[in-house]
Structure formats: C-alpha cells, structure tokens
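Below, chains carry the letters A, B, ... as their sequence lines are ordered, and counting in each starts from 1. Keep in mind that the numbers below use all heavy atoms, side chains included, and drop hydrogens, waters and symmetry copies.
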Amino acid sequence: MSNDNKKRTRFAPSPTGYLHIGGARTALFNWLYARHYGGKFILRIEDTDQERSTEESTRAIFDAMTWLGLNWDEGPHYQAERIEKYKEAVRRLLDAGKAFRCDCTPDALEEKRKKALAEGRKPKYDGTCREKNLEWKPGSVVRFRTPQIGMTTVNDLIKGIISFNNEELDDLIVERSDGYPTYNFAVVVDDAEMGITHVIRGDDHLNNTPRQILLYEALGYEVPKFAHVPMILGSDKARLSKRHGATSVMAYREMGYLPEALVNYLVRLGWSYGDQEIFSLDELIRYFSLESVGRSAAVFNPEKLLWLNQHYIKEGDTDRLADLLCPFLKDLDLRVTDKALVKNVVGDLKTRSKTLVEMAESGAFYFRDSVEYDPKSAEQFLDREGRASLNAILEELPALSDYTKEGVENMLRTIAEKRTLKLKNVIQPLRVTLTGKTVSPGIDQVMITLGKEKVIARIKSALEFSKAE
RNA sequence: GGUCCCAUCGUCUAGCGGUUAGGACAUCGGCCUCUCACGCCGAGAACCUGGGUUCAAAUCCCGGUGGGAUCACCA
C-alpha cells in the first residue's frame, strides 16, 4: 500500500529540437518534486510526430538533462514503440461508443474552420460524422465523443480550481489516419499506464487538461493531480524564443555557464523559499514544494543568471573548475600541458570571471609563448619611463630569494620608492609586460603563477619589443 | 473573436487583514586598492485601475484595463 503513495512524475519532451530553457525548468520541477518525496522521475519521449521527431534531438535532450544532473529513474520510454497500447485504448473507446470514425478530409475541415473564424464563431468540429457509425477506411480518423453537457473542473495544485464548460470542447481526434495517436490521447494513456501521480507541466497545457480528464474518465483511469507552471517570457513579455537570445540549455554550457548556476537560476524563476537566492541541490530537494510555485509568468533575465554563474565560479572547487576550463582554453588554440598551471590560473581568475569563456580569454596570456601586447597599453606603459622601471626590476629579480607574493611586492615597492614613483607606475608597465594588457589579476599573483623564469623572459622580451618600437 | 490563466521596484520575488511594503539582480554613489574584479557600506526604485467587504486591504470579493496561453490528423 505504501507503494501506492509513491509520487511519480515525468518529463515528456517531443524530440523536435534541443532542450530549451522552459523545458528544462519543467523537467527540473518534476525532478525536484519526485526527489523531495522520494518518488520516481520518469522520462518519456513523445515521438508520435513522425515528420518532426529526430534522433539527434533525442540525444540532445539526454545530453542536456545529464549535464543539468536531472537523472531519471525509469525510461526513456518512446511513444512510437507503444502504438499497440494506444490502438487498444482506441478500440475500447470505440467498443463503448465513446469514440467514432470520421472521414472528413483535412481540406474540408480547414474550410469550415476558416469560415467559422470569418463569421466570428468558434472553430469547432461540427459533428458531421458523429452519428454516421462509419467503418474504417483509408484516410479516416477516430474522434473522441466529447460530452457536450456539464462541466469539467481541474483542481490545479498551482492555479487552484478551474472550470470549463464541456460544450467548449470538441470531438478531438485520438487516432490519426496514419494510425498514430494524437498528443492529447497518447499522453493520457501513457501517464495512466505509467502510474504518473502528478503531472507537472507548462501552463500552455492548461486548456488541454479538461479534454484529457474526460479521456481519463472515458478510459476508466484514475485522474492524476495536475500542476501547471507559468511560462517563461522574453524581455518583451512575449513567450521566450530564439530572438531573445540563447534558449538552448547546451548553448549555456558552450558559453561557459556552470550547470548549478542554470539550475539555481531556473528554479528561482517561479519558485521561491523566503529570501534565499543561493541553493545547493540538497537544499532544493529539501525545500521544494509546489505550494510555493508562483502563478504568474516570469521574464527570463540573463543578467541574474550571469550573476549566479559568477557566484558559482567564485565559490567553486578549483580542481573541478580547472577541468571544466580546459576545453575552453583549447578552443582558443592554447597548449595546455601543465595541469598545475591551469589550477593556479583558475585561482587567479575565480573572482573576476563571469563565465568560463571569459576566464579562458582573460587567462590566455598565462599559456602563450609570447605576449601579445595590446597596442594602446604598450604605447602608454612601455615608454621610456616604463622601460626604466622594467630594467630596475630586471636587476633585482634574479637575485630575489623570497619569490612569494610578499617578497615580490616588497621588491616592487622598494623599486618604486628608490625611483620616487607611485607603485602603480612601476606595476602597470610590468602588467603590460607580463599580460599584454592593463587589466589582470594582482601583479604579485600573476608573477607567482607565471614563475620567476617566465617573468624574467617576458621582461626581456618587452624591453626588446619596446626598443624596436 | 471564444475559452482559460495572470497582475508588488526595470527584472526575479517575499508578503498569506494591521509591515517605515523585505530580499536579490541590474543601476548609481562611497570605501578597499598595483589595474580589473571580489568584498563591504549606502542611495534611488513597486503594490495596474475603479468599486465593494472590514475598525483596518498589497492581501478577500466584483468590474475594468493590460499581458499571456490556447482554439491542428504539432506536442
């Protein structure tokens, strides 16, 4: 009996494209709900659209979910492999007189739809074949005989009680002429047969819910609980789409985002736990509840996601970040052979990188054989004055025994004092010398990470370079 | 157009009849400082509107307005 109380949720994407931000959040909510209650999270691929479904999309969805850490307990189930189940359910409906065959052509239907719309009427199936008692023939479909009186109410866990007049609903097609089920039918059969207890999905499905409930009842299934989560909008309040920027989960990985940042961002879009902004996965599982999911749509805010990413980079484990950074360094054609160096670079850049891409770019100078000087920076700091400072450093450095952050800084301060210069006037030429730019981590830190030999070599190169100028 | 949903700073949100309406991102100041960041301190910024109910409404009810979703042999 206790097994009957187990919550079972599912994520059921159609493999017609990559996993997008909205789908990922829906998956995340389902996953969290199951994990919170110690239930099961099931993955089902809704590939009944033979035209648009692709294997690449299926793989892309798996990859994205795996990257986000949304592991599933059962599945993936494929609807295309379950055709017999749907056929059997259609048979039951037909036998019970709850469905009928219809041989109206798509063209005729489309014609009527247009006419209805033009006359300001609801474009609803007119019941042409309802009482004809047609036999199967090529091109015919099966329609559900939707009750035309009464009401159907949804007790939504997020939106509350919502009622629909059944007369608003028409006789939807459950089996297409190609023998495949339509979405509203397959989803009901599958959710019922897979024992899904809680259907958590986007609220764009809210209007489908009454007809699905009617199908559950007609088929003699227990109706699951529904929870419709609000949509994610773009900055113009329209449904989030490509024109608002990246919408693919994997695009964020490529842009150097950490999965925990995306998860943390997504979960807070529509859900909250008091004033808390940062959540570990354990906390999310512990705190998540549908009661605290909001009812209104949310605008996707890339700035806040970026802030979270920066946070997780700043707080992240250095070894792990070093592993994650390597591919991005290689994308920049950098030779990465020294793992210890990568770790030190991560240490230097953790507090000043919003993404791994940014970290790789600003850390590229550590890995190059020769420094690429930014022309403006070189012009400004590798001048006569700068060269004098560099020469002074070059005199002291080889003999410096205390090559530590403190030791190096003391040396630089002493040089500045001797030459009656501000510290920055010594450091900026050195910074350009070592990094090619005027912006970098603390110069002492850069020197330690680079090592004394490379520092000396780069100073010599800079002196050579500026002499030639 | 019909149906359904939604409505607190620019954005994400807290609030569940009595609060100086709180936090976060972003923005703008300041501090720190070798640059840039990080960090710290501070500022500006919101209850869509009109009616009720109530001693008291951001909170409950109704209307309006606005936004969104959906009306396929797509999912």
Sugar-phosphate only, base, or nothing, as touched by A:N165 at under 4.0 Å among non-hydrogen atoms: nothing
Sugar-phosphate, base or nothing in reach of A:T48, heavy atoms under 4.0 Å: sugar-phosphate
Watson-Crick or G-U wobble partner of B:rG1, both distances under 3.5 Å: B:rC71
Sugar-phosphate, base or nothing in reach of A:Y180, heavy atoms under 4.0 Å: nothing
Nucleotide B:rA75, atom P - distance to CG of A:L172 in whole Å: 12 Å
Ring centers of A:Y183, A:H205 separated by less than 6.0 Å: yes
Sugar-phosphate, base or nothing in reach of A:C102, heavy atoms under 4.0 Å: nothing
Aromatic A:F29 / basic A:R25 pairing, under 6.0 angstrom, 45° off normal: yes
Sugar-phosphate, base or nothing in reach of A:N208, heavy atoms under 4.0 Å: base
Residues forming a side-chain contact (heavy atoms from CB on, under 4.5 Å) with A:D402, sequence neighbours excluded: A:T404
Aromatic contact, A:Y287 with A:W271 (centres under 6.0 Å): no
Sugar-phosphate only, base, or nothing, as touched by A:E277 at under 4.0 Å among non-hydrogen atoms: base
Residue A:E51 excluded, over 12 heavy atoms near CD under 6.0 Å: no
Side chain of A:N301 - closest among B:rC4, B:rG10, B:rC73: B:rG10
Nucleic acid contacts - residues 149-163 of chain A versus RNA chain B, non-hydrogen atoms under 4.0 Å: A:K159, A:I162, A:S163
A:W72-A:F62 aromatic ring centre distance below 6.0 Å: yes
Phosphate-side-chain proximity, A:K314 and B:rG39, N/O vs OP1/OP2 below 4.0 Å: yes
Sugar-phosphate only, base, or nothing, as touched by A:H228 at under 4.0 Å among non-hydrogen atoms: nothing
N or O in side chain of A:R113 less than 4.0 angstrom from B:rA72 OP1/OP2: yes
I'd like a table of atom pairs between the protein and nucleotides 35-37 of chain B - only N or O on both sides, under 3.5 Å - with the distance next to each one.
from, atom 1, to, atom 2, distance (Å)
B:rU35, O2', A:T438, O, 3.2
B:rU35, N1, A:R431, NH2, 3.3
B:rU35, O2, A:T438, O, 3.4
B:rU35, O2, A:S440, N, 2.8
B:rU35, O2, A:S440, O, 3.1
B:rU35, N3, A:R431, NH1, 3.2
B:rU35, N3, A:S440, O, 2.5
B:rU35, O4, A:G442, N, 3.0
B:rC36, O2, A:R352, NH1, 2.6
B:rC36, N3, A:R352, NH1, 2.3
B:rA37, O2', A:T351, O, 2.6

Whole angstrom value for the distance that separates P of B:rA7 from CE of A:M231: 15 Å
Nearest-angstrom distance, C1' atom, B:rC38 to B:rU19: 34 Å
Note, A:F381 side chain near A:T438 side chain (heavy atom, < 4.5 Å): yes
Between the protein and nucleotides 13-16 of chain B, are there any N/O to N/O pairs under 3.5 Å, and if so, what are the atom names and distances?
from, atom 1, to, atom 2, distance (Å)
B:rU13, OP1, A:G270, N, 2.6
B:rU13, O3', A:S272, OG, 3.3
B:rA14, OP1, A:S272, OG, 3.0

Test side-chain contact (heavy atoms from CB on, under 4.5 Å) applied to A:E111 - qualifying residues, sequence neighbours left out: none
Nucleotide opposite B:rA7 in a Watson-Crick or G-U pair, distances under 3.5 Å: B:rU65
Pairing nucleotide - B:rA21, Watson-Crick or G-U, each distance under 3.5 Å: none
Span that lies between the C1' atom of B:rG68 and that of B:rC48, in whole angstrom: 16 Å
A:R143 charged N/C atom sitting above A:Y125 aromatic ring, 6.0 Å / 45°: yes
Interface with RNA chain B, restricted to residues 410-420 of chain A and to heavy atoms under 4.0 Å: A:R413
C1' atoms of B:rG66 and B:rU54, separation to the nearest Å: 29 Å
Euclidean distance, atom CG of residue A:D236 to atom C1' of B:rG66 [Å, nearest integer]: 15 Å
Pair A:F11 and A:F41, ring centroids less than 6.0 Å apart: no
